[in-house]
K.L.:
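Let me begin by handing over the structure; questions about it come next.
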Amino acid sequence: MDRLLPREHPVRLIDETGRLTADDEFATPPTERLLDAYRALVRGRRINEQANALVRQGRLAVYPSSHGQEACQVAAALVLREGDWLFPTYRDSVAVITRGVDPEEALVLLRGDWHGGYDPHRYRTAPQATPLATQLLHAAGLAHAAKLRGEDTVVVAMCGDGATSEGDFHEALNFAAVFHLPVVFFVQNNEFAISVPLSRQTAAPSLAHKAIGYGMPGQRVDGNDAAALLAVLGRAVENAREGGGPSLIEAHTYRMQAHTNADDDTRYRERAEVQAWADRDPLLRMRAHLTQAGALDDETERRFAAEAEETAATLRDAMNKDVRPDPEDLFRFVHAQRSPQLDDQWALLQDELSRDVPPEAARLSEGTK
């Protein structure tokens, strides 16, 4: 039973000042791997900043920022092999991009396009899910299929602390445990489900403790420590690949910005609390460690920043293009062969659209016939 219990304190390998902290169970990843993680952290932070600017410019309809949670985003993608699968939430755009998806393809959903933006099969990354916890059931289903086929595929299913209150969370974990599936459930505990604090979500000692009720191991990890995340998630993934079954990983992190651009977080949390977490910034922590270790110099820092800026510029240019949506797309891709009911609905919409044409434009149109 003890093997299922998480630690009393989250696993940490690098502290807020960048210093290594010894751990008897988890080794610090090699420096080159930490450099790769830092490079992705720099890019992820710039993506968050650019996406927030695009919202203010009206080029994105909404953006759930992962500012402050980039270490979780980066680690979730980096621990996977090419043939593995990632199941993200609506807040996990940085994880999706780190997985290899083009930034433009990753964000068109948040612009309001009719499609998810990228081919899930090409990138082995499920579409970003807006409903809470529904993707966890899909992740368990894919892991079950992979096991039945004899594949060595591992699935990482991401969710937030609020999702752990959903019935889908229970069903997915219970199913995965009963059928001993190769899936890692990764909870980013950022302390708030919109305005609801963690204390109103659970009375358990931690979210990782919920794992024991399903018969799977749980573990807690410092969600702002990229090194610890790579170590803990990496072990969970390989354990699943070797037939060890599912596990639940809880990362303790913090949502530095509002839930989305439509949220006013000043109504439910104090600025002093937010500022306290700013000192635990995952990007600054990794930068401090790599600099102290002599692995990060000014030239490398400038190169990483330039690459991140190039990503931001590409994303900005893509989102600044005006899109002319085709209203018929609402009906074109529902069924392989359109039903009579959809034909009727399309006719009704055409009638509505024709009524919205200004009289002068309608007369000009008639005159050109």
Side-chain angles (χ1 to χ4, degrees), residues 40-76 88-98 103 106-113 117 127-135 158-166 186-202 207 222-224 250-285 308 311-312 315-316 319-320:
L41 285 172
V42 172
R43 187 182 187 217
R45 178 62 54 84
R46 188 65 187 91
I47 289 168
N48 276 323
E49 292 170 347
Q50 184 60 68
N52 281 318
L54 288 167
V55 168
R56 295 192 295 272
Q57 296 162 10
R59 293 298 181 175
L60 285 180
V62 65
Y63 185 69
S65 176
S66 62
H67 185 115
Q69 298 178 219
E70 289 97 346
C72 296
Q73 302 280 299
V74 165
T89 74
Y90 54 83
R91 196 178 299 282
D92 297 327
S93 298
V94 170
V96 170
I97 294 170
T98 305
L107 291 187
V108 295
L109 177 70
L110 301 175
R111 183 172 61 188
D113 285 18
Q128 288 184 263
T130 299
L132 293 189
T134 55
Q135 75 279 5
M158 305 177 74
C159 70
D161 48 291
T164 65
S165 296
E166 298 289 328
F186 181 38
V187 182
Q188 296 175 83
N189 175 8
N190 63 20
E191 301 292 331
F192 288 93
I194 308 183
S195 61
V196 181
L198 182 66
S199 62
R200 305 300 296 174
Q201 292 286 344
T202 181
L207 295 176
D222 184 336
N224 287 20
E250 176 189 7
H252 294 264
T253 184
Y254 196 78
R255 171 167 54 79
M256 294 300 296
Q257 298 179 343
H259 177 69
T260 69
N261 50 292
D263 172 42
D264 179 8
D265 66 320
T266 62
R267 298 178 63 183
Y268 56 85
R269 61 184 188 181
E270 300 293 332
R271 293 300 92 186
E273 176 188 347
V274 179
Q275 184 56 45
W277 276 88
D279 297 333
R280 309 175 195 178
D281 188 299
L283 189 151
L284 298 180
R285 184 185 301 192
T311 297
L315 180 58
R316 186 168 57 246
M319 293 299 155
N320 280 333

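Residues take their numbers from the sequence shown, with the count starting at 1. Note that the structure is predicted; figures quoted are calculated from it, not measured.
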K.L.:
Minimum heavy-atom separation for M256 to V274, with atom names?
P.N.:
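Minimum heavy-atom separation between M256 and V274: CE-O, 3.4 Å.
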K.L.:
State, to 0.1 Å, how close N48 and H67 come at their nearest heavy-atom pair, and which atoms those are.
P.N.:
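Shortest heavy-atom separation between N48 and H67 comes out as ND2-N, 3.3 Å.
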K.L.:
Considering all heavy atoms of both residues, which atom of R111 and which atom of R59 are nearest to each other, and what is their separation?
P.N.:
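For R111 versus R59, the nearest heavy atoms are CG-O, 3.4 Å.
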K.L.:
Show the nearest heavy-atom pair for residues I97 and A106, with the distance to one decimal.
P.N.:
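Shortest heavy-atom contact: CG1-CB, 3.7 Å.
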K.L.:
How long is the span from the CD1 atom in I194 to the OG1 atom in T260, to the nearest 0.5 Å?
P.N.:
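Reported value, rounded in 0.5 Å steps: 7.5 Å.
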K.L.:
Is any side-chain heavy atom of L132 less than 4.5 Å from a side-chain heavy atom of S165?
P.N.:
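No, their side chains stay 4.5 Å or more apart.
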K.L.:
From the options P88, C159, C72, select the one residue that forms a side-chain contact (heavy atoms from CB on, under 4.5 Å) with F186.
P.N.:
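Of P88, C159, C72, side-chain contact (heavy atoms from CB on, under 4.5 Å) with F186 is met by C72 alone.
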K.L.:
Indicate the atoms forming the closest heavy-atom contact of S93 with Q73, along with that distance.
P.N.:
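What the structure gives for the nearest pair is N-OE1, 3.8 Å.
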K.L.:
Mind checking whether T253 and D222 have side chains closer than 4.5 Å, heavy atoms only?
P.N.:
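Result no, sub-4.5 Å side-chain heavy-atom pair not found.
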K.L.:
For side chain to side chain donor-acceptor pair (under 3.5 Å), just list the numbers for Q69 and Y254, CA-CA rounded to whole Å, side-chain angles, deciding distance to a tenth of an Å, and then say yes or no.
P.N.:
CA-CA 7 Å; Q69 298 178 219; Y254 196 78; over 6 Å; no
K.L.:
What I'd like to find out is whether the side chain of R43 reaches to under 4.5 Å of the side chain of V94, using heavy atoms alone.
P.N.:
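No. Closest side-chain heavy atoms not under 4.5 Å.
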K.L.:
Between N224 and E70, is any side-chain donor less than 3.5 angstrom from a side-chain acceptor?
P.N.:
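No donor-acceptor contact under 3.5 Å links the two side chains.
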K.L.:
Heavy-atom count around R267 CZ within 6.0 Å, excluding the residue itself: above 12?
P.N.:
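Count not over threshold, so no.
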K.L.:
Please walk me through it: do Y268 and D263 pass side chain to side chain donor-acceptor pair (under 3.5 Å)?
P.N.:
CA-CA 10 Å; Y268 56 85; D263 172 42; 2.6 Å; yes
K.L.:
Name the residue from V55, N52, L60 that meets the side-chain contact (heavy atoms from CB on, under 4.5 Å) definition with N261.
P.N.:
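So, applying the side-chain contact (heavy atoms from CB on, under 4.5 Å) to N261 and each of V55, N52, L60, only V55 qualifies.
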K.L.:
Which heavy-atom pair separates E166 from A133 by the least distance, and what is that distance?
P.N.:
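Heavy atoms only, the tightest pair is CB-CB, 3.8 Å.
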K.L.:
Given side chains that start at C-beta, do those of R46 and T311 come closer than 4.5 Å, heavy atoms only?
P.N.:
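No, side chains not in contact.
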K.L.:
Take atom CD of E270 as the centre, draw a 6.0 Å sphere, and report whether it contains more than 12 heavy atoms from other residues, nucleotides or ligands.
P.N.:
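Check fails, neighbour count at 12 or below.
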K.L.:
Can you find a side-chain donor-acceptor pair between Q188 and D92 that sits under 3.5 Å?
P.N.:
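On atom types as modelled, these side chains qualify, holding a pair under 3.5 Å.
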K.L.:
Would you say the side-chain atoms of Q135 pair up with the backbone N or O of A129, donor to acceptor, closer than 3.5 Å?
P.N.:
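Side chain of Q135 to backbone of A129: no pair is present.
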K.L.:
Quick one, L107 and Y63 - any side-chain contact, counting heavy atoms below 4.5 Å?
P.N.:
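When only atoms from C-beta onward are counted, Y63 and L107 do touch, with a gap below 4.5 Å.
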K.L.:
Are R269 and F192 in a cation-pi contact, defined as NZ or CZ under 6.0 Å from the six-membered ring centre and within 45° of the axis?
P.N.:
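Judged by the rule (NZ or CZ under 6.0 Å from the ring centre, within 45° of its axis), R269 counts as positioned above F192.
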K.L.:
Does a donor on one side chain and an acceptor on the other come within less than 3.5 Å for R91 and S66?
P.N.:
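The answer is no; no qualifying pair exists.
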K.L.:
Looking only at the side chains, is there a donor atom on one of R316 and Q50 sitting less than 3.5 Å from an acceptor on the other?
P.N.:
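There is such a pair (donor and acceptor under 3.5 Å, judged by atom type) between the side chains of R316 and Q50.
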K.L.:
Verify side chain to side chain contact (heavy atoms under 4.5 Å, CB included) between H259 and D265, making sure each step is shown before the conclusion.
P.N.:
CA-CA 7 Å; H259 177 69; D265 66 320; over 6 Å; no
K.L.:
Evaluate side chain to side chain donor-acceptor pair (under 3.5 Å) for D161 paired with Q201, printing each intermediate quantity in order.
P.N.:
CA-CA 8 Å; D161 48 291; Q201 292 286 344; 5.4 Å; no
K.L.:
Can you check side chain to side chain contact (heavy atoms under 4.5 Å, CB included) on R271 and T266, steps first, answer last?
P.N.:
CA-CA 7 Å; R271 293 300 92 186; T266 62; 4.0 Å; yes
K.L.:
So do the side chains of V187 and H252 get within less than 4.5 Å of each other, counting heavy atoms only?
P.N.:
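SC-SC contact between V187 and H252 ruled out.
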K.L.:
Is D279 salt-bridged to R285, cutoff N-O under 4.0 Å?
P.N.:
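Not counted as a salt bridge, because no side-chain N and carboxylate O are separated by less than 4.0 Å.
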